[in-house]
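Notes for the one structure printed next.
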Amino acid sequence: MNIDENKDFIRWEKKFELGIPNIDAQHQQLVNLCNDLYQAVIRNKYRATIPGWHEALSDALRDTVEYVKLHFSDEEKLMATVGYAELPQHKVKHREFTAKVTETLKTFNQAEFQDAMDFVKFLYDWILEHIAISDKAFVPTVLEFLQIQKKR
């Protein structure tokens, strides 16, 4: 892993877009939050022995947790509105992710630098998998719903 605080950890690409503007904007914000957390970890790498170094990291992580909750709520409302059949399974993935992040937040004040970097990598992998696979699966249902609404 190439570490550089001046670079983004995830670069938003057009291929991540689902074609649902609100959800795409939220996904882009999740990528931004992951980058903010990464940059906070890198900036604080050499302060790991100084009391309080976790504060910036905890703030970035809290912002991520709060935004993820909002995003999941919006996404689940959309899926419910369009009658997405896989909504219960999708909700389980959301709850598992939220539990993992919440648990990490509880113990983050004891994290070492590598623990923090491992979490950023987890977040990176999860965001990309979630957008590229899980969320892309509900797009056809949303588009079909929108087409039906147009005809009415």
With rounding to the nearest 0.5 Å, note down the distance linking [atom1] in [X] to [atom2] in [Y].
X	Y	atom1	atom2	answer
T141	L146	OG1	CG	11.0 Å
L143	I20	CG	CD1	6.0 Å
I23	Q28	CD1	CD	13.0 Å
W126	S134	CH2	OG	7.0 Å
E129	K93	CD	NZ	5.5 Å
L33	Y67	CG	OH	7.5 Å

By side chain to side chain donor-acceptor pair (under 3.5 Å) - contacts of [X] (at least two apart):
X	answer
D135	H27, H90, H130
E96	none
K14	E17

Is there side-chain contact between [X] and [Y], with at least one heavy-atom pair below 4.5 Å?
X	Y	value
E75	Q26	no
T64	L123	yes
F122	T104	no
K106	T102	yes
F138	L78	yes
F72	F97	yes

[X] versus [Y], closest heavy-atom pair with distance:
X	Y	answer
P88	A85	CD-O, 3.6 Å
I131	F16	CG2-O, 3.2 Å
G19	D24	N-OD2, 2.9 Å

L70 reachable from L87 in the ILVMFWY side-chain graph, under 4.5 Å edges: no
Do Y124 and W12 share a hydrophobic cluster, counting only Ile, Leu, Val, Met, Phe, Trp and Tyr and linking them when any side-chain heavy atoms are less than 4.5 Å apart? yes
Report yes or no: do H71 and Q29 form a side-chain donor-acceptor pair below 3.5 Å? no
State whether a side-chain donor-acceptor pair under 3.5 Å links Q39 with N35. no
Using atom types as modelled and distance alone, determine if a side-chain donor or acceptor of S73 lies under 3.5 Å from a backbone N or O of K69. no
Starting from the C-alpha separation in whole Å, work towards a yes-or-no answer on side chain to side chain contact (heavy atoms under 4.5 Å, CB included) for V139 and Y84. CA-CA 9 Å; V139 171; Y84 182 56; over 6 Å; no
Any ion pair linking E76 and R95 (charged N to carboxylate O, less than 4.0 Å)? yes
